[in-house]
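Step one of this worksheet: look at the structure below.
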Amino acid sequence: MSAQSDINKKVFVPRGETMLVAVEVRRRRRTAGRRLLQLSTRGGEYATYLCLSVTNRTPPQLLITKVKQFAGSAPFVTRSQWGVDQLRQVNGIDPNKDCPDFDLVFDNTVDQWLCSSSAEKCIFILILYQAYKTHSGGPAGPPVCLPAGAGKVGALRRMSLDAVRIAPRGPVAPPVAGGPRARTLSPRRKSCAPARRTEFINCQPKLTGEACTMNLVIYRVKALFTRLKKRILAKRPAPRSKGQPGHFSGGIMSNVVQRVTVSVGERGQRLTRAEDQTLELMHTAQQLADTAHKLSLKYSK
């Protein structure tokens, strides 16, 4: 069973949630004016996973959860959880090329993460963007009607309504001659203010644009080949000094790794060409549709 399936079964299913994606991450810190990537697991005592899930109840709620698994312990431990309404910004760091690091800015904290590969980081951001657009109306969605008790606006409204008495609706009695003018207040309507939206900055256009399904398949294939390459390198025996039994130069394992590397590169190039061809076909189809629409309007007159 893979780590994602295990996390979904043991952590999210009992809580009535469905996990969309999970990636293994590490902390990233900056020191001495240059970027220094460090693994904050204190010698590999635990592994950290950043998970995206959605609740099964109505209306569905999108959640980001940090899950840890300690060495020698099978159960997963939930450390932190945020709702998507607390997420203010997703920073992809570099909009021009694939990189494994990204930042998540919440209301009360900023997390700087490093994925095991750039493909896994792209998968996480791509699924997060599509899920956010589906469940929250997207970065440019319609304004949301705030209830009377929500946030600072609701608190101020409650204070103003408690300080004065609101007259009931109906005919208002005329004021008494010579006396103070009576003032009546009517309850205010609920104000519709645009909800704060999550910003996706420094993200490549293919992560937040069209052809997301094709890009997701491409990144999943890249992540699979990256994990396969790391697994082969992990099984590679340690080099031995000359004169000891079993020493070999340019052994079988190095040849296998080289062949896998070449094959991964060729597969990536083919997938990139397929992506470019798909985008060209989409643009051509759009142009044909526009031309047909213009012709139909012309002959309809």
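Atoms considered below: every heavy atom in the structure, side chains included; atoms not considered: hydrogens, waters and symmetry mates.
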- prompt: Should Asn202 and Ile93 be marked as a side chain to side chain contact (heavy atoms under 4.5 Å, CB included) after you check the CA-CA gap, both sets of side-chain angles, and the distance that decides it?
  reply: CA-CA 5 Å; Asn202 296 328; Ile93 305 298; 5.6 Å; no
message: Connecting only ILVMFWY residues whose side-chain heavy atoms lie within less than 4.5 Å of each other, what is the rest of Val110's hydrophobic cluster?
response: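 Grouped by the 4.5 Å side-chain rule, Val105 form the rest of the cluster around Val110.
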With the side chain counted from C-beta on, respond yes when [X] and [Y] share a heavy-atom pair under 4.5 Å apart, and no when they do not.
X      : Y      : value
Arg27  : Asp111 : yes
Gln130 : Lys133 : yes
Lys121 : Val23  : no
Leu207 : Tyr129 : no
Arg15  : Val11  : yes

- prompt: Taking the six-membered ring of Trp113, is NZ or CZ of Arg26 closer than 6.0 Å to its centre and within 45° of its axis?
  reply: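 The answer is no, since Arg26 fails at least one limit relative to Trp113.
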Grab the two heavy atoms, one from [X] and one from [Y], that are nearest each other, plus how far apart they are.
X      : Y      : result
Pro95  : Gln204 : O-CG, 3.5 Å
Asn215 : Lys206 : ND2-O, 2.8 Å
Gly92  : Cys99  : O-SG, 3.6 Å
Ala47  : Glu24  : CB-OE2, 3.8 Å
Val84  : Thr198 : O-OG1, 3.9 Å

query: Hey, does the side chain of Gln86 reach the backbone of Gly83 with a donor-acceptor pair shorter than 3.5 angstrom?
result: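 Side chain of Gln86 to backbone of Gly83, a donor-acceptor pair under 3.5 Å: yes, one is there.
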message: Quick check against the 3.5 Å criterion: does Gln4 have a side-chain atom that pairs as donor or acceptor with the backbone of Ala22?
response: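 Looks like yes, one N/O pair under 3.5 Å.
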Rounded to the nearest 0.5 Å, what separates atom [atom1] in [X] from atom [atom2] in [Y]?
X      : Y      : atom1 : atom2 : value
Leu52  : Phe12  : CG    : CZ    : 8.5 Å
Leu128 : Thr208 : CG    : OG1   : 11.5 Å
Ile123 : Ser118 : CD1   : OG    : 9.5 Å
Phe76  : Ile7   : CZ    : CD1   : 4.5 Å
Gln277 : Arg273 : CD    : CZ    : 8.0 Å
Glu275 : Ile218 : CD    : CD1   : 4.0 Å

What donor-acceptor contacts under 3.5 angstrom involve side-chain atoms of residues 221-234, with partners at least two apart or in another chain?
residue: Thr226; atom: OG1; partner: Lys222; partner atom: O; Å: 2.8
residue: Arg227; atom: NH1; partner: Glu120; partner atom: OE2; Å: 3.2
residue: Lys230; atom: NZ; partner: Ser116; partner atom: O; Å: 2.7

- request: For the pair Val90 and Leu104, evaluate side chain to side chain contact (heavy atoms under 4.5 Å, CB included) and give the outcome as yes or no after the intermediate values.
  value: CA-CA 5 Å; Val90 179; Leu104 296 180; 3.9 Å; yes
task: Output all residues satisfying side chain to side chain contact (heavy atoms under 4.5 Å, CB included) with Asn56, sequence neighbours left out; order by chain, then residue number.
output: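 Here the qualifying residues are Thr18.
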Which side-chain N or O atoms in residues 57-68 pair as donor and acceptor under 3.5 Å with protein atoms at least two apart or in another chain?
residue: Arg57; atom: NH2; partner: Gln61; partner atom: OE1; Å: 3.3
residue: Thr65; atom: OG1; partner: Gln81; partner atom: NE2; Å: 2.9

query: Does the pair Asp103 and Arg28 meet the rule for a salt bridge (charged side-chain N to carboxylate O under 4.0 Å, His left out), with working shown?
result: CA-CA 9 Å; Asp103 297 344; Arg28 191 183 84 251; 2.8 Å; yes
- request: Report the C-alpha distance between Arg197 and Tyr132 in whole Å, list the side-chain angles of each, state the deciding distance to 0.1 Å, and finish with yes or no for side chain to side chain contact (heavy atoms under 4.5 Å, CB included).
  value: CA-CA 10 Å; Arg197 296 293 179 180; Tyr132 178 78; 3.5 Å; yes
field: Residue pairs involving residues 81-90 (criterion salt bridge (Lys or Arg N to Asp or Glu O under 4.0 Å); sequence neighbours excluded)
entry: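 Qualifying pairs, neighbours excluded: Arg88-Asp107.
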Side chain to side chain contact (heavy atoms under 4.5 Å, CB included) evaluation trace for Leu279 with Met282: CA-CA 5 Å; Leu279 293 176; Met282 290 177 61; 4.3 Å; yes
query: Is the Trp82 ring parallel, tilted or perpendicular to the Phe106 ring (thresholds 30°, 60°)?
result: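 Correct class here is parallel.
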- request: Would you please name every residue forming a ring-ring contact (aromatic ring centres under 6.0 Å, His included) with Phe124, sequence neighbours left out?
  value: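 Scan of Phe124 (ring-ring contact (aromatic ring centres under 6.0 Å, His included), adjacent residues dropped) gives Phe102.
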Distance-only donor-acceptor check, side chains Asp101 and Gln112, under 3.5 Å: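 The criterion, which ignores hydrogens and geometry beyond distance, is not satisfied for Gln112 and Asp101.
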